[in-house]
Amino acid sequence: MSWNIEMPDAVWLSGDSPAHEIQEFVNEVADCKEVAIDTETTGLNISKDTVLYWSVAWYRPNGSTVRACLRADLLYRFEDIFHEKDRNWIFCNAKFDAHMCKNTGIDIDGEYHDISVMHSLLYEEMPHGLKEMTAQLQGWKWRGFTDTFGKVDRKDPKWIQNALITAEKENLALLTEYASNDAFGTLENYRTLKAQLQEAGTWSLYPELYGNLWDLFKKVEVPFTKVLWKCERAGMRVDLGYLSAIEGPVKMEIEKLERELVRMRGKPVNPNSTMQLRQWFFEELGIKPTKFTKGGAKGVKEPSLDFDALTALADDGVTAAIALLRYRDLTKLYGTYVIGLQDKVDQYSRVHTRFNQDVARTGRLSSSDPNLQNIPSPDNDKFKIRKAFTCEPGNCLIVADYEQLEMRLLAAAAMEQDMIDIFLKGWDIHMGNASLVFGLPYEDIANAKKTDKKVKEGLLPESEMTEYVHKCLYARQAAKTIGFGLNYGMGAKRLAATLGRTVEEAEALIDQYMSRYPTVKQFFKDSTNTALEYGYAFTILGRRRFLPGIKSNRMVDRSRAERQASNLPIQGTAADVAKMAMIRCDEANLHDRFGWHMISQVHDELIFEGPEETVDDVIPIVRECMMHPLPTDLAVPLTISIGKGHTWVDAK
DNA sequence: CAATATGGCGCG
DNA sequence: AAAGCGCGCCATATTG
């Protein structure tokens with residue numbers, strides 16, 4: 001028995017079933033407004049695999065429950081129902097099932113209610129998989145795929161479909177039971193989670209709109225799931241020629257560095273092996289470790305050879321450290337991006353990432369398979385991987401970025417009028433902060449920046465770099481580092497190290513900053529007090545994060561919770577803003593009007609692709625949607641920098 | 001053999 | 001590493 005509870009009998013239906021049975025079943029689904037659905041597929045690839053079997057479950061008006069397993073050939077009998085726009089479907093991992101259905105030729109046009117997303121709003125630290133959440137919420141356990149269908153050869157790419165198709169032939173009851181469990185569990189969890197979300201009060205700036213977590217789910221996350229599905233579906237065009245062209249040169253350079261490192265050591269070394277490197281540097285060369293690793297579960301701290309440590313060694317004249325830094329740089333690029341990316345490209349030269357809606361505790365997205373949110377920035381990447389992200393012939397890209405989004409949200413949340421004024425005047429925020437905090441005229445700082453640039457370009461003599469110019473530049477750098485760092489709760493030690501100053505100086509800088517912006521200081525204090533009082537930190541739309549560590553007696557835990565309590569309202573609200581902007585862009589219906597697709601998001605940056613002819617029609621619409629994402633505008637304008645071009649680099 | 005842990009590092 | 005927040009992926013080493 002798969003379940004440790006009473007279950008309704010599972011129904012099996014296929015195209016071979018009697019016509020009247022099928023028709024009765026279709027009719028009953030048509031009358032039901034909330035249906036849970038799950039797919040069994042040929043595999044897990046969202047751009048290739050298709051549905052083999054699918055299961056549905058719903059509650060009858062009389063209180064009984066139906067669960068059934070159907071063969072994929074019956075999907076087409078439900079097409080009219082799938083095409084209803086106001087129908088409520090319930091899934092676990094909705095985008096996956098919708099991809100599988102689409103790959104099988106079925107568009108699901110109704111609303112996608114994803115119980116993993118629901119679960120993530122309530123239990124952000126727990127796993128959101130069906131099995132795990134069912135065990136947690138219902139106390140039920142059931143057998144997994146391999147436990148049900150026996151040992152399989154996972155190296156065979158067709159292992160999933162082989163197991164399922166064999167089961168249909170040889171043990172139909174087992175297949176029916178297994179598959180319909182998933183839809184049934186999804187339905188039961190939905191009922192539980194819906195009640196819990198409705199009960200879950202929250203604090204948002206718009207209580208009449210988002211008074212509890214169910215409001216947030218239904219009004220924001222549900223439409224968002226479908227927006228993300230469309231982004232995943234569209235994918236992003238990759239220039240394989242570009243990647244293969246840099247593959248050779250990068251590899252050659254890596255091999256050259258490998259030989260160089262072996263020569264330096266005088267015996268073989270695998271530069272990817274931290275163990276061998278420690279042996280070499282700390283035992284053979286007798287270098288004294290200055291930095292240690294964090295130490296994992298066992299808490300064993302080993303001498304570190306990361307970027308900071310190697311840079312320090314390089315400065316001390318250890319030539320192997322220089323070579324190793326270059327080696328690291330290139331192998332990272334090669335393995336993760338040049339090779340890794342090519343493996344993920346589909347038959348149309350497009351990559352389809354997964355935008356995960358239920359991972360980040362702040363409500364941000366994450367991106368995986370491949371991760372399109374950590375592609376190297378062209379400033380730091382001499383091979384310009386981002387140039388490989390391009391568009392179809394006749395199309396172009398739009399790249400639209402929020403400018404200093406988190407800093408603006410901080411100013412608005414803290415109601416720091418002087419900082420707000422900097423944004424209203426259109427000033428550079430770091431220069432503005434430097435001016436106010438360190439009492440230097442804004443113009444002088446701006447001019448210092450220009451002078452520095454010209455001297456670097458050789459347009460002005462070195463003598464222009466007066467002590468005062470340096471002072472202005474340093475003020476801007478300090479203001480910038482503090483501005484970013486404070487959002488994350490950076491301490492004086494780290495600030496001192498980053499700026500190359502003493503700890504006392506760093507403390508003084510933080511003091512100066514905080515006393516010039518007292519409401520910012522108050523905002524951080526209020527954030528931790530809110531977490532202390534309610535146990536949670538909140539975003540502007542009422543997404544919340546549970547922070548039990550805020551009351552811990554252990555300093556490390558409590559301090560971390562305090563930093564998270566301060567950061568969540570900013571990072572999480574930025575995520576809310578991006579999310580709402582994407583929903584607004586989707587509602588603008590760029591596809592039907594202009595042939596444009598939204599294709600990617602990198603936290604504060606949206607990317608679109610469409611025909612060149614209409615690009616100038618689309619740009620102002622995107623800007624408008626992004627500037628006003630929330631029910632009301634904030635005290636700070638949200639400005640967008642927007643560009644067009646044929647690659648990710650050119651469009652920025 | 002696969003799954004997990006660790007160090008390291010890419011992004012906002 | 002440092003009271004720096006939030007992610008995912010690579011390679012190696014270890015564990016089962």
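Chain naming here is simple, since letters A, B, ... match the order of the sequence lines and numbering starts at 1 in each.
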Please report, rounded to the nearest Å, how far the C1' atom of B:dA5 is from the NZ atom of A:Lys294.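 It is 16 Å, rounded to the nearest whole Å.
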Between C:dA1 and B:dG7, how far apart are the two P atoms, rounded to whole Å? 9 Å
Which residues in residues 330-338 of chain A have a heavy atom closer than 4.0 Å to any atom of DNA chain B? A:Lys332, A:Tyr337
Across all chains, not counting sequence neighbours, the side chain to side chain contact (heavy atoms under 4.5 Å, CB included) partners of A:Pro370 are A:Leu341, A:Lys344, A:Val351, A:Thr353, A:Leu372
Between B:dG7, C:dG8, C:dG6, spot the one nearest the side chain of A:Thr293, thanks. B:dG7
Distance in angstrom units between A:Lys652 NZ and B:dG12 C1', rounded: 9 Å
For A:Lys493 and C:dA1, give me the distance from atom NZ to atom P, rounded to whole Å. 14 Å
With sugar-phosphate meaning primed atoms plus P, OP1 and OP2, does A:Leu568 contact a base, only sugar-phosphate, or nothing at under 4.0 Å between heavy atoms? nothing
Looking at every strand, decide which applies to A:Asn487 at a 4.0 Å heavy-atom threshold: base, sugar-phosphate, or nothing.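 A:Asn487: no heavy atom of the nucleic acid under 4.0 Å.
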Report yes if the side chains of A:Ile160 and A:Leu44 come closer than 4.5 Å at any heavy-atom pair, otherwise no. yes
By the 4.0 Å heavy-atom rule, please label A:Thr498 as base, sugar-phosphate, or nothing. nothing
From CD (A:Glu255) to OH (A:Tyr327), nearest 0.5 Å: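 Interatomic distance, A:Glu255 CD to A:Tyr327 OH, rounded to 0.5 Å: 9.5 Å.
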Atom pair distance, as rounded to whole Å: CZ in A:Phe389 and P in B:dC11: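 In whole Å, B:dC11 P and A:Phe389 CZ are 13 Å from each other.
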Are there any protein N/O atoms within less than 3.5 Å of an N/O atom in nucleotides 13-16 of chain C, and if so, which ones and at what distance?
residue: C:dA13; atom: OP1; partner: A:Ser273; partner atom: OG; Å: 2.6

Mind checking salt bridge (charged side-chain N to carboxylate O under 4.0 Å, His left out) for A:Glu302 and listing every partner two or more places apart, or none if nothing turns up? none
NA contact type, A:Gly485, heavy-atom cut-off 4.0 Å: base, sugar-phosphate, or nothing? nothing
Answer yes or no on whether A:Arg501 is positioned over the face of A:Tyr474, meaning its NZ or CZ is under 6.0 Å from the six-membered ring centre and within 45° of the axis.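 Checked: cation-pi criterion met.
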Is it the case that A:Arg544 places NZ or CZ above or below the six-membered ring of A:Tyr536, under 6.0 angstrom from the centre and within 45 degrees of the axis? yes
May I ask you to evaluate whether A:Arg545 reaches the phosphate of C:dG6, defined as a side-chain N or O under 4.0 Å from OP1 or OP2? yes
Considering only residues two or more places apart or on different chains, which pairs with a residue in residues 562-580 of chain A satisfy salt bridge (Lys or Arg N to Asp or Glu O under 4.0 Å)? A:Glu221-A:Lys579, A:Arg558-A:Glu562
Of A:Asn272 and A:Gly489, the one whose closest DNA chain C nucleotide lies more 5':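 The residue closer to the strand's 5' end, by nearest nucleotide, is A:Gly489.
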If the condition is salt bridge (charged side-chain N to carboxylate O under 4.0 Å, His left out), which residues does A:Arg237 pass it with, not counting sequence neighbours?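 Residues passing salt bridge (charged side-chain N to carboxylate O under 4.0 Å, His left out) with A:Arg237: A:Glu392.
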What interatomic distance, in whole Å, is found between P of C:dA3 and the corresponding atom of C:dC7?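 Straight-line distance between the two P atoms is 22 Å.
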Taking 4.0 Å as the cut-off, does a side-chain nitrogen or oxygen of A:Ser304 come that near to OP1 or OP2 on B:dG8? yes
Shortest side-chain distance from A:Asn567, nucleotide among B:dG8, C:dC5, C:dG8: C:dC5
For A:Asp306 and B:dG10, give me the distance from atom CG to atom C1', rounded to whole Å.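 Rounding to the nearest Å, CG of A:Asp306 and C1' of B:dG10 are 14 Å apart.
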Within the 4.0 Å heavy-atom criterion, would you say A:Val359 contacts the bases, only the backbone, or no part of the nucleic acid? sugar-phosphate
Heavy-atom nearest nucleotide on DNA chain C for A:Asp308 versus A:Gln564: which residue maps closer to 5'? A:Asp308
Classify A:Ala360 by what it touches in the nucleic acid, base, sugar-phosphate, or nothing, heavy-atom distance under 4.0 Å.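 Sugar-phosphate, backbone atoms only, no base.
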Under the side-chain hydrogen bond (donor to acceptor under 3.5 Å, both in side chains) test, residues paired with A:Glu507 that sit two or more places apart: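 If we apply the side-chain hydrogen bond (donor to acceptor under 3.5 Å, both in side chains) test to A:Glu507, skipping adjacent residues, there are no hits.
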Name the stems that DNA chain C belongs to, where each is three or more consecutive Watson-Crick or G-U pairs with both distances under 3.5 Å? B:1-12 with C:5-16
Quick one: label A:Arg386 by what it contacts on the DNA or RNA (base, sugar-phosphate, nothing), any heavy atom closer than 4.0 Å. sugar-phosphate
Using a 4.5 Å cut-off on heavy atoms from C-beta on, say whether the side chain of A:Ile46 contacts that of A:Glu232.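 They are in side-chain contact.
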Does the separation of the ring centres of A:Phe484 and A:His430 fall below 6.0 angstrom?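 Yes.
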Selection: residues 374-385 of chain A, any non-hydrogen atom under 4.0 Å of DNA chain B: A:Asn374, A:Ile375, A:Pro376, A:Ser377, A:Asn380
Give A:Arg558 one of three labels, base, sugar-phosphate or nothing, depending on what nucleic acid heavy atoms sit under 4.0 Å from its own.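 No contact.
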Gap between atoms CG and P, on A:Leu509 and C:dA2 respectively (whole Å):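 Spelled out: CG on A:Leu509 to P on C:dA2 is 21 Å.
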Distance, rounded to the nearest Å, where A:Gln601 contributes CD and C:dC7 contributes C1':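 Taking atom C1' of C:dC7 as the reference, CD of A:Gln601 is at 12 Å.
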Pairs satisfying side chain to side chain donor-acceptor pair (under 3.5 Å), at least one member in residues 517-526 of chain A, at least two apart: A:Glu416-A:Thr519, A:Asn433-A:Tyr517, A:Gln522-A:Asp526
Contact class for A:Gln571 (heavy atom, under 4.0 Å): base, sugar-phosphate, or nothing? base
So, does A:Arg364 get its side chain near the phosphate of C:dC7, meaning an N or O under 4.0 Å from OP1 or OP2?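 So the side chain of A:Arg364 is outside the cut-off, no N or O lying under 4.0 Å from OP1 or OP2 of C:dC7.
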Just to verify, what does A:Lys298 make a salt bridge (charged side-chain N to carboxylate O under 4.0 Å, His left out) with, not counting sequence neighbours? none
Should A:Asp401 and A:Asp604 count as side-chain neighbours, where that means a heavy-atom distance under 4.5 Å? yes
Quickly work out the A:Arg328 CZ to B:dC9 P distance and round it to whole Å. 5 Å
Not counting sequence neighbours, which residues clear side chain to side chain contact (heavy atoms under 4.5 Å, CB included) with A:Asp306? List them please.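 Listed in chain order: A:Lys291, A:Ser304, A:Asp308, A:Ala309.
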Identified side-chain hydrogen bond (donor to acceptor under 3.5 Å, both in side chains) counterpart of A:Asn356 within the set A:Ser366, A:Ser116, A:Ser120: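 Answer after filtering A:Ser366, A:Ser116, A:Ser120: A:Ser366.
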